[in-house]
2 protein chains.
Amino acid sequence: MYSVEQANEALKAVGLRPTRQRLALLQLLLGKGNRHLTPEMLHVEAKANGIRVSLATVYNTLNQFTDCRILRRVIVDAGKSYFDTNTEPHHHFFDVRSEQLIDLPQASIRCEDLPTPPEGKSVESVDIIVRIG
Amino acid sequence: MYSVEQANEALKAVGLRPTRQRLALLQLLLGKGNRHLTPEMLHVEAKANGIRVSLATVYNTLNQFTDCRILRRVIVDAGKSYFDTNTEPHHHFFDVRSEQLIDLPQASIRCEDLPTPPEGKSVESVDIIVRIG
DNA sequence: GTGTTTGCAAAGTGTTTGCAATTTA
DNA sequence: TAAATTGCAAACACTTTGCAAACAC
């Protein structure tokens, strides 16, 4: 699925040292298709997989991966962070009851006439959240 | 702009007792056109206007107003809440540097083919955030 | 009077940080 | 062995809550 070698390459490519924790977390993250994880979820999953890593390191690592564009941060909930392993442009359903994120089929939304940003500003991203319940 | 009488009416209409704090905050909120405020901002503004109210009450009041649909919550930032005095359907620019929300002209975005939610779920809202910087 | 609301301080939640110990190159 | 990274615990920012005093009806 996602080998140590691939993880190693990926980390080298972005200039992060391939430490035991980063390699393990990266494999866990990218080894199972597109996923939406909170730091807490990843930490639990890591422990379940016998990976010794502190929660602080999970936080730091997720932030670093996001800075390097290995991950993408999705903001749907004040007070909780989600990280998306799919960095391609796409949008989300957010199930407010289960607090679960679901990818929106890319084709399913078509936005036209995107507004021009105010003078001197440029668009960094367009995030569409369809809240469902 | 937004009189005590109007505020009184509005509170009665949603079944909230028109206390001194609620009346004052509601007038402050709705007396100046469409705005996007954090609890902290409203608390500061209240104090500046000689309104004695605790931060806890500002939080509680904003939540109550949101539950009653006098306000709308906008989620753009993990770890900070914004409340929008405009409850009509519309979307936002979010200036990531100044952390400011700006209404998007309603007409400026046109979304077609909104995705069908998963079986048994219904769409509660569609939130579009255009991040600028 | 009775039930609601307030303010305060304490507790809660999610996240970041300082620093000594460890690991990597 | 020099620089980067980790883990821990403490600090942090934001928000909610428990409870006695104040208030609305």
Side-chain angles (χ1 to χ4, degrees), chain A residues 4-5 7-28 36-47 50-68 70-71 73-83 94 99 101, chain B residues 4-5 7-26 28 36-47 50-68 70-71 73-83 99 101:
Chain A
V4 203
E5 290 76 26
N8 224 314
E9 293 284 304
L11 290 177
K12 191 170 294 179
V14 297
L16 286 175
R17 283 194 182 178
T19 64
R20 177 177 60 76
Q21 291 85 338
R22 293 211 267 240
L23 283 169
L25 292 177
L26 190 52
Q27 284 184 85
L28 213 47
H36 308 94
L37 295 161
T38 62
E40 186 61 41
M41 286 162 68
L42 181 58
H43 188 226
V44 167
E45 193 173 314
K47 282 193 293 191
I51 300 165
R52 289 186 313 95
V53 59
S54 70
L55 183 56
T57 296
V58 170
Y59 270 99
N60 291 333
T61 304
L62 286 172
N63 285 334
Q64 292 156 353
F65 287 178
T66 304
D67 292 343
C68 299
I70 291 175
L71 299 177
R73 190 188 296 269
V74 183
I75 295 171
V76 275
D77 192 335
K80 194 178 289 186
S81 288
Y82 284 81
F83 294 87
F94 182 62
E99 304 203 324
L101 274 170
Chain B
V4 203
E5 290 76 25
N8 226 314
E9 293 284 305
L11 290 177
K12 192 169 295 179
V14 297
L16 287 174
R17 282 196 183 175
T19 63
R20 176 177 61 76
Q21 290 86 338
R22 293 212 266 241
L23 283 168
L25 292 177
L26 190 52
L28 213 47
H36 307 95
L37 295 161
T38 63
E40 186 62 40
M41 286 162 68
L42 181 58
H43 188 228
V44 167
E45 194 174 314
K47 282 192 294 191
I51 300 165
R52 289 185 314 95
V53 59
S54 70
L55 184 55
T57 296
V58 171
Y59 271 100
N60 292 333
T61 304
L62 286 172
N63 286 335
Q64 291 157 354
F65 287 178
T66 303
D67 292 343
C68 299
I70 291 175
L71 299 177
R73 191 189 295 271
V74 183
I75 295 171
V76 275
D77 193 334
K80 194 179 288 184
S81 288
Y82 284 81
F83 294 87
E99 303 203 324
L101 274 170

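Numbered from 1 within each chain, the chains take letters A, B, ... in sequence-line order.
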With no angle test and no hydrogens, is the base of C:dT5 tied to the side chain of B:R17 by a donor-acceptor pair under 3.5 Å? no

Please set out all donor-acceptor pairs under 3.5 angstrom arising from side-chain atoms of residues 55-65 of chain B, sequence neighbours excluded.
from, atom 1, to, atom 2, distance (Å)
B:T57, OG1, B:S54, OG, 3.1
B:N60, ND2, B:A56, O, 3.3
B:T61, OG1, B:T57, O, 2.6
B:N63, OD1, B:R73, NH2, 2.8
B:N63, ND2, B:Y59, O, 3.4
B:Q64, OE1, B:R22, NH1, 2.9

So [Y] and [X], do their side chains get closer than 4.5 Å, heavy atoms only?
X     : Y     : answer
B:R17 : B:L11 : no
B:T38 : B:S81 : no
B:R52 : B:R20 : yes
B:F83 : B:T66 : yes

Quick one: side chain to side chain contact (heavy atoms under 4.5 Å, CB included) partners of A:D67, sequence neighbours excluded?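 With sequence neighbours excluded, A:D67 shows a side chain to side chain contact (heavy atoms under 4.5 Å, CB included) to no residue whatsoever.
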
With sequence neighbours excluded, residues passing side chain to side chain contact (heavy atoms under 4.5 Å, CB included) with B:V44: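 Scan of B:V44 (side chain to side chain contact (heavy atoms under 4.5 Å, CB included), adjacent residues dropped) gives B:E40.
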
In whole angstroms, how far is the [atom2] atom of [N] from the [atom1] atom of [X]?
X     : N      : atom1 : atom2 : result
A:I75 : C:dG14 : CD1   : P     : 16 Å
A:Q64 : C:dT17 : CD    : P     : 12 Å
B:D67 : C:dT5  : CG    : P     : 13 Å
A:R20 : C:dT22 : CZ    : P     : 13 Å

Contacts of type ring pair (Phe, Tyr, Trp, His ring centres under 6.0 Å), residue A:H36, not counting sequence neighbours: A:H92

Where chain B begins and ends its contact with DNA chain D, read 5' to 3' at 4.0 Å from heavy atoms: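 In short, chain B contacts DNA chain D from D:dC14 to D:dC25.
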
Heavy-atom nearest nucleotide on DNA chain D taken for B:Y59 and for A:T57; more 5' hit belongs to A:T57

Classify B:N63 by what it touches in the nucleic acid, base, sugar-phosphate, or nothing, heavy-atom distance under 4.0 Å. sugar-phosphate

Name the nucleic acid region contacted by B:S81, choosing base, sugar-phosphate or nothing; use a 4.0 angstrom heavy-atom cut-off, strictly under.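 Since only primed, P, OP1 and OP2 atoms lie under 4.0 Å of B:S81, the category is sugar-phosphate.
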
Take B:S54 and A:Q21, find for each the nucleotide of DNA chain C with the closest heavy atom, and name the residue whose nucleotide sits nearer the 5' end. B:S54

If you assign each of A:G79 and A:T19 to its closest nucleotide in DNA chain C, which residue comes earlier from the 5' end?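 Result of the comparison: A:G79.
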
Over all atoms of both residues, closest heavy-atom pair of B:N8 and B:L23: N-CD2, 3.6 Å

Where does DNA chain D form stems of at least three consecutive Watson-Crick or G-U wobble pairs, each pair having both distances below 3.5 Å? C:1-25 with D:1-25

